[in-house]
Protein chains: 2
Amino acid sequence: MNTTDTKYETLKIENQLCFPLYACSKEIIRQYKPFLDKIGLTYTQYITMMVLWENRSMTVKELGSHLYLDSGTLTPLLKKLEAKGLLTRSRSNKDERNLIVTVTEEGMALRDNALFVPQEMAKCVSLTPEEAGFLYRILYKILGQDIESEE
Amino acid sequence: MNTTDTKYETLKIENQLCFPLYACSKEIIRQYKPFLDKIGLTYTQYITMMVLWENRSMTVKELGSHLYLDSGTLTPLLKKLEAKGLLTRSRSNKDERNLIVTVTEEGMALRDNALFVPQEMAKCVSLTPEEAGFLYRILYKILGQDIESEE
DNA sequence: CGCCATTTAATTGTATACAATCTAATTGTA
DNA sequence: TACAATTAGATTGTATACAATTAAATGGCG
């Protein structure tokens, strides 16, 4: 290995951790598409509904902190979900700055139709339970560092 | 835990592997921004240049298979990099369907200015070498499965 | 040779993402 | 209580992503 190789070694894409993370994320989201098409949601809409299914009602701010998304992304996305009849958007009485997002009955009903999605996806990525567990922990470790450094 | 909890367990965002992958990818890319701003590149432009720095000249198709991106994303991105003077775009003489992307001298010169980027980023994510190695292998394992299933 | 299938980019349309800015509501405080 | 600082969403502008379609070039085959 000559000097030039050594010098630029860190700039090789194969030596980056972020790139496979970025590529993996996109490829898995791509694999979601045929399943999500059946319930009429995009991936971002799906994870938004997942958080709402568990909480039923929350502010845009709370939703964003769960999803790592800001109002620039959420506002138009929530308007689309509202147009589909899956949720309602209304200002809080206590604090008019807060917009409360609440899942409708129709939105809750979609939850049953979505049950097959994680089942089908589990077949696509075949990691051992150990690998999956390790991956899960390490990703949340990175996300945790991120949160600390921002607050 | 009641029946309802059990039924929807798989639809909890905390039980998904894709979500932390997606969130991690975005958060790390966000951390790149201040450094990449200094060399005038976005993250996607940066990884594109990284592949080109190693190969100097390649078709859009080849570039896309390295980056997991298609012409819909690459065409406008490459036009921007061309406008910055970092690369040239020209059709192949052998096969006019192929568009050859070649880094200019200016593009190669940027490589030296980019050396600090991976150095700074290494300070941001603090994983042990073992964790980083494991994460790397498992991500490429997933990407590998993906490639096999598509071809 | 002629023609159809394939291949490569470019284009079109839709949906994110996110920084930066703006607006309205609320809070802290002198 | 005025009023500056803060906060929450919405908006604006830029840059991806990607499916689907189009257009041009090439390859294969009768």
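This structure is a prediction, so every number in the text was calculated from the model and none was measured. The sequence lines fix the lettering, A, B, ..., with proteins before strands; numbering per chain opens at 1.
- Nucleic acid contact for B/Thr73: base, since at least one base atom lies under 4.0 Å from a heavy atom of the residue.
- The existence of a salt bridge linking B/Arg56 and B/Glu105 is confirmed by a sub-4.0 Å separation between a basic side-chain nitrogen and an acidic carboxylate oxygen.
- Residues B/Glu14 and A/Glu54 approach most closely at OE1-OE1, 4.1 Å, considering heavy atoms.
- A/Leu77 comes within 4.0 angstrom of sugar-phosphate atoms only, judged by non-hydrogen atoms across all strands, and of no base.
- Residue B/Asn93 contributes atom CG, which lies 15 Å from atom C1' of D/dT26 at whole-angstrom precision.
- A residue-by-residue look at A/Ser92 and A/Ser71 shows that A/Ser71 has its nearest nucleotide of DNA chain C further toward the 5' end.
- Whole-Å rounding puts the A/Asp70 CG to C/dC22 C1' distance at 15 Å.
- The 5' end of DNA chain D is approached more closely, in terms of each residue's nearest nucleotide, by A/Asn98 than by the other of A/Lys79 and A/Asn98.
- Across C/dA19, D/dA15, C/dT7, the shortest atom-to-atom separation from the side chain of B/Arg97 is found for C/dT7.
- As a whole-Å value, the separation of A/Leu36 CG from C/dA15 P is 14 Å.
- Atom CG in B/Leu67 sits roughly 11 Å away from atom P in D/dC18 (whole-Å rounding).
- Salt-bridge annotation for A/Lys141 and B/Glu131: present, with a side-chain N of the basic residue lying under 4.0 Å from a carboxylate O of the acidic one.
- Side-chain proximity of B/Leu69 to D/dT16, D/dC18, C/dC18: nearest is D/dC18.
- Note on A/Thr42: a side-chain N or O is less than 4.0 Å away from OP1 or OP2 of C/dT16.
- In terms of phosphate contacts, A/Arg89 brings a side-chain nitrogen or oxygen within less than 4.0 Å of OP1 or OP2 of D/dA10.
- Applying the Watson-Crick and G-U wobble criteria (two distances, each under 3.5 Å), C/dA15 pairs with D/dT16.
- The B/Tyr22 side chain lies nearest to C/dA17 when the options are C/dA9, C/dA17, C/dT16.
- Closest approach to the A/Thr59 side chain among D/dA8, C/dT6, D/dG9 is made by D/dG9 (side chain taken as heavy atoms from C-beta onward).
- The distance from atom CG of A/Leu74 to atom C1' of D/dT11 is 14 Å, rounded to the nearest whole Å.
- As rounded to whole Å, 10 Å separates atom C1' of D/dA19 from atom CZ of A/Arg30.
- Checking side-chain atoms of B/Gln16 against main-chain N and O of B/Ile13 turns up no donor-acceptor pair under 3.5 Å.
- Under a 4.0 Å N-O distance rule, the pair B/Glu82/B/Lys79 does not qualify as a salt bridge.
- To the nearest angstrom, C1' of C/dA19 lies 14 Å from CD of B/Glu27.
- Distances shorter than 4.0 Å separate some side-chain N or O of B/Arg91 from OP1 or OP2 on C/dA10.
- Contact between the side-chain N/O atoms of A/Thr44 and the OP1/OP2 oxygens of C/dA17 is found at a separation under 4.0 Å.
- Two residues, B/Lys26 and A/Lys80, neighbour DNA chain C, and the one matched to the more 5' nucleotide by heavy-atom proximity is A/Lys80.
- For the pair A/Met58 CE and D/dA8 P, the computed distance is 14 Å after rounding to whole Å.
- A/Ser25 and B/Ser25 share no side-chain donor-acceptor pair at under 3.5 Å.
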